[in-house]
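Working notes for the structure below.
Keep in mind that the numbers below use all heavy atoms, side chains included, and drop hydrogens, waters and symmetry copies. Quick note on labels: first sequence line is chain A, next is B, and so on, each numbered from 1.
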Protein chains: 2
Amino acid sequence: MSGPVAIGQAAKETGIKVPTIRFYEEIKLIQPLVRTDGNRRQYEQADLRRLSFIRHARELGFDLDAIRNLLTLQDDPNQPCTVADGIAKARLADIERRIHSLTALKKELKVMIEGCSRGSVSDCRVIETLADHSLCVDDHNHGS
Amino acid sequence: MSGPVAIGQAAKETGIKVPTIRFYEEIKLIQPLVRTDGNRRQYEQADLRRLSFIRHARELGFDLDAIRNLLTLQDDPNQPCTVADGIAKARLADIERRIHSLTALKKELKVMIEGCSRGSVSDCRVIETLADHSLCVDDHNHGS
DNA sequence: CGCTCTCCTCTAGTCGCTAGAGGATATGGG
DNA sequence: CCCATATCCTCTAGCGACTAGAGGAGAGCG
């Protein structure tokens with residue numbers, strides 16, 4: 001029932017910061033919108049939904065280009081779903097790659113930290129491991 | 001035994017790209033170094049080791065600031081190791097947080113993709129899920 | 001000598017914002 | 001009705017960690 005809201009309220013409702021909303025407008029993720037007499041932006045419910053969509057997609061790690069694609073799809077709901085599906089799948093693959101890589105890093109860091117003698121830097125395993133790649137537990141670069 | 005090398009060779013040996021090496025010099029991660037008569041940079045073995053250290057630390061996800069700290073420690077090996085240890089531990093915690101978060105994202109994306117009807121966008125679960133946060137499998141934001 | 005390759009410096013662009021200056025408008029109380 | 005404060009406006013510049021490209025100088029080889 002609530003009518004159009006100002007940018008501050010929109011920020012509150014969507015969890016996107018005010019300057020970020022303006023930035024999204026600037027790069028045309030959201031349409032140039034209606035202003036009040038005093039030149040203030042007004043956000044309708046549909047705009048708020050669009051912003052929430054963007055926020056949620058960002059939280060899932062989609063980049064703005066992917067989001068732009070998804071929004072275009074959403075604007076034209078008779079298009080086939082396969083494009084959205086593809087974007088999401090690419091994202092999933094990327095996330096899986098990253099989890100894999102981070103897990104390897106975690107292992108290496110743990111070994112480093114556990115080997116730390118807490119003496120002086122001269123026999124610190126952390127520094128030493130970083131300095132000499134050949135000490136790595138396993139080489140996460142040959143794995144990708 | 002090999003003497004000083006040019007930047008291209010240094011790039012090859014350390015796996016850091018030529019412009020990146022120059023960038024590291026600009027931001028003073030590596031010292032202003034000796035040049036040849038023809039104004040070309042020359043890298044000694046010690047420089048190459050420093051660059052490898054940086055690369056390895058970057059691969060482990062340390063930011064340049066953290067690396068700067070670690071390098072300072074390395075330059076002065078009588079300092080206690082606890083600082084390096086702390087930096088590494090903070091990094092580990094960060095990685096664990098990220099793995100956790102990415103795992104939640106992965107779950108959500110999977111549900112989205114599996115629910116995709118492959119029909120038109122109008123009944124695409126991917127779009128729908130993004131549009132309505134309340135459809136999330138679990139809310140990874142309240143978990144942090 | 002000419003050819004090519006590598007090197008040099010410099011500027012500008014990437015992504016996704018964030019911060020701040022400097023000014024206009026809106027709202028509520030006295 | 002006036003003033004204080006809050007919110008808004010536009011604009012420019014900055015962040016991190018590079019990357020790309022222009023335009024020119026030097027190095028090495030046949």
Length of the line joining [X]:[atom1] and [N]:[atom2], which is rounded to integer Å:
X       : N      : atom1 : atom2 : result
A/Ile7  : D/dT10 : CD1   : C1'   : 12 Å
B/Asp37 : C/dC8  : CG    : P     : 14 Å
A/Gln9  : C/dA26 : CD    : P     : 17 Å
B/Lys28 : D/dA17 : NZ    : P     : 17 Å
B/Glu59 : D/dC18 : CD    : C1'   : 16 Å
A/Asn39 : D/dT7  : CG    : P     : 19 Å
A/Ile21 : C/dG16 : CD1   : P     : 17 Å
B/Tyr43 : C/dC7  : OH    : P     : 10 Å

Considering all heavy atoms of both residues, which atom of A/Arg41 and which atom of A/Leu33 are nearest to each other, and what is their separation? CG-CD1, 3.5 Å
Under 3.5 Å, is there any donor-acceptor pair linking the side chain of B/Arg22 to the base of C/dT9?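 No, the side chain and the base share no sub-3.5 Å donor-acceptor pair.
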Kindly say if [X] contacts the phosphate of [N], meaning a side-chain N or O under 4.0 Å from OP1 or OP2.
X       : N      : answer
B/Arg41 : C/dC8  : yes
B/Tyr24 : D/dA17 : no
A/Thr20 : C/dG16 : no
B/Lys17 : D/dT19 : yes

Between [options], which one does the side chain of [X] approach most closely?
X       : options                : answer
B/Arg58 : D/dA17, C/dT18, D/dC9  : D/dA17
B/Phe23 : C/dA24, C/dT18, D/dA17 : D/dA17
B/Arg35 : D/dC9, C/dT9, D/dA25   : C/dT9

Does the side chain of [X] reach to within under 4.5 Å of the side chain of [Y], using non-hydrogen atoms?
X        : Y       : answer
B/Glu108 : A/His56 : yes
A/Leu64  : A/Phe23 : yes
A/Leu109 : B/Phe62 : yes

Contact class for B/Asp63 vs. all strands (heavy atom < 4.0 Å): base, sugar-phosphate, or nothing? sugar-phosphate
Atom pair NZ/CZ of A/Lys17 and A/Arg55 - distance to nearest 0.5 Å: 10.5 Å
On DNA chain C, does the nearest nucleotide to B/Gly8 precede the nearest nucleotide to A/Thr36 from the 5' side, or the other way round? Give the residue. B/Gly8
Return whichever of A/Asp65 or B/Glu26 has its heavy-atom-nearest nucleotide of DNA chain C closer to the 5' end. B/Glu26
